[in-house]
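Read the structure below first, then the notes.
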Number of protein chains: 2
Amino acid sequence: MGRRSDHTRDELRRLIIAEGHRLLAETGLARFSGREVAKRAGYTVGTIYNVFGSLDRLLVTLNSHTFRLWAEFLERRLAVSPPDRIRTLVEAYFAFARDHTHAWSAIYEHRVSAELFDAVDHDSRTALTAIVDREVRSAIPSGGDLDMPRFVRSLIATVHGHCSYALGGTFTLLEEIDPAASALARVRECLAAHGYRPPD
Amino acid sequence: MGRRSDHTRDELRRLIIAEGHRLLAETGLARFSGREVAKRAGYTVGTIYNVFGSLDRLLVTLNSHTFRLWAEFLERRLAVSPPDRIRTLVEAYFAFARDHTHAWSAIYEHRVSAELFDAVDHDSRTALTAIVDREVRSAIPSGGDLDMPRFVRSLIATVHGHCSYALGGTFTLLEEIDPAASALARVRECLAAHGYRPPD
DNA sequence: CGAGTAACTGAACAATGTCCAATTTAGCAA
DNA sequence: TTGCTAAATTGGACATTGTTCAGTTACTCG
């Protein structure tokens, strides 16, 4: 077959992203296949290369999509949230990862090569950081002498470490039962070191 | 060719592990290839399946090897270490990961399937935890009401999160310059919450 | 010396990412 | 309407991958 007009370029892009994300969620990055994505979208391999240039580029795009979903998820949880927003944040971080294990893991499993670095959509990734930044700032009355962006990055890394262990199986091996609670405890301790008072 | 006696079963095992680890260190898990390992060892693919049963099993073994190297590295650093052992521990954790990026990453990139769970050599993995456990205990005079094993796991997860971000490129994206320092700061804050006093 | 058996090979299979010549058609110009 | 061009899509080619397994080979024991 040759040229078709089933979809505009943009529709096709969206279609491939949608089907790609579904496949990624189903099988995980290790068993992800460009050919399969194309098949599900009703096209063939070549089309993906037409639209995205390479599988790596598609993966980068899919991960950006996951980031957006993740940020939305956090905001939704925070919106319906009782007073303890730090707890909500940590627990929502874990909840998303748990509910979208494969897609979430793919974010960290897929190492982007140097030449694709520029192709990465920074905004979708920064959105998450921004949310945490906002919440942490409002949790610590007097920021004081803190390098806040750095502190926030570090707190995210802290939670990420727990989450990564939890879903990666390391914690299973070490018989940890409630990783989210541990993460929250650490975050509280770090915040407390800078003037934060947890709700009683 | 048929049966050879260039190496005993055990020598062959070691040889494949050695070459496998070298290849893993060179190329990373994504480009790791069983055929290439075999070629480097002077054998062919089938032999690997003879000795290890599957590539997954070989990978599990290689990761165990990395864990052992890692634990040894930590002990060596601690042995030559000035008073501030917590700093040494955190920095050595990072140093090993930085110096063996590919091998280190493979530990977390290679997800072991359920049926291989029993094939995992627990001891090599537990060794690392044990070291941290020992150091943390001696850093906190009165353990008090702490669930120490859990606390230790959590601290490791904290450092792991920073290290994972640093090597995975997330921190690069977020313009973090000194991830190890951030990790150390967090660890100190958490320890301080339980009676630890950092050296001045 | 001969047979048995363990070890090792290499071909076969299905699947992958990547590239690209060939094909088909949409949309525009005449 | 007809013809043309350029874009879109296909699908086959290629090199690789993990995995299996029927053969082949050479060591070992009787």
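Atoms considered below: every heavy atom in the structure, side chains included; atoms not considered: hydrogens, waters and symmetry mates. In what follows, chains carry the letters A, B, and so on, assigned in the order in which the sequence lines appear, proteins first and then strands, with residues in each chain numbered from 1.
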Identify all side-chain donor-acceptor contacts of residues 152-159 of chain B below 3.5 Å with residues at least two apart in sequence or on another chain.
| residue | atom | partner | partner atom | Å |
| --- | --- | --- | --- | --- |
| Arg153(B) | NE | Glu176(A) | OE1 | 2.9 |
| Arg153(B) | NH1 | Leu174(A) | O | 3.0 |
| Arg153(B) | NH2 | Glu176(A) | OE1 | 3.0 |
| Ser154(B) | OG | His162(A) | NE2 | 2.6 |
| Ser154(B) | OG | Arg186(A) | NE | 2.7 |
| Thr158(B) | OG1 | Ser154(B) | O | 2.9 |

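Distances were taken from every side-chain heavy atom of Val45(B) (C-beta onward) to each of dT10(D), dT19(D), dC8(C); the shortest belongs to dT19(D). Nearest to the side-chain atoms of Arg9(B) among the listed nucleotides dT10(D), dA7(C), dT18(C) stands dA7(C). Closest to the side chain of Leu55(A), from the set dT18(C), dC8(C), dA7(C), is dT18(C).
What separates CD1 of Ile48(A) from C1' of dT18(C) is a distance of 12 Å, to the nearest Å. Protein atom CG of Asn50(B) is 6 Å distant from nucleotide atom C1' of dA7(C), rounded to whole Å. Atom pair Lys39(B):NZ and dA15(D):C1' shows a separation of 12 Å (rounding to whole Å applied). Atoms NE2 (His7(B)) and P (dC27(D)) sit 14 Å apart, rounded to a whole Å. Note: CZ (Arg13(A)) to P (dA8(D)) measures 14 Å, nearest angstrom. Atom-to-atom, CZ of Arg4(B) to C1' of dC27(D) comes out at 13 Å; the value is rounded to the nearest Å. As rounded to whole Å, 14 Å separates atom C1' of dC8(C) from atom CG of Leu15(B). Atom pair Ile16(B):CD1 and dA7(C):P shows a separation of 12 Å (rounding to whole Å applied).
The structure places CZ of Phe32(A) at 5.0 Å from CG of Leu58(A), a figure rounded to the nearest 0.5 Å. Separating the CD1 atom in Ile107(A) from the NE2 atom in His65(A) is a distance of 11.5 Å, to the nearest 0.5 Å. Distance check, rounded to the nearest 0.5 Å: CZ of Phe94(A) to CD of Glu91(A) gives 9.5 Å. Considering CG of Leu29(B) and NE2 of His102(B), their distance stands at 10.0 Å, rounded to 0.5 Å.
Taking 4.0 angstrom as the limit, Thr47(B) places a side-chain polar atom (N or O) nearer than this to OP1 or OP2 of dT9(C).
Among the atoms of the strands shown, base atoms are found under 4.0 Å from some heavy atom of Tyr49(A). Residue contacts shown for Leu12(A) are limited to sugar-phosphate atoms, with no base heavy atom under 4.0 Å away.
A donor-acceptor pair shorter than 3.5 Å can be found between the side chains of Thr66(B) and His21(B).
Near DNA chain C, meaning a heavy atom under 4.0 Å from it, residues 20-38 of chain A has Phe32(A), Ser33(A), Gly34(A), Arg35(A) in order of number.
Considering every non-hydrogen atom in both His7(A) and Tyr43(A), the closest pair reads ND1-OH, 3.0 Å.
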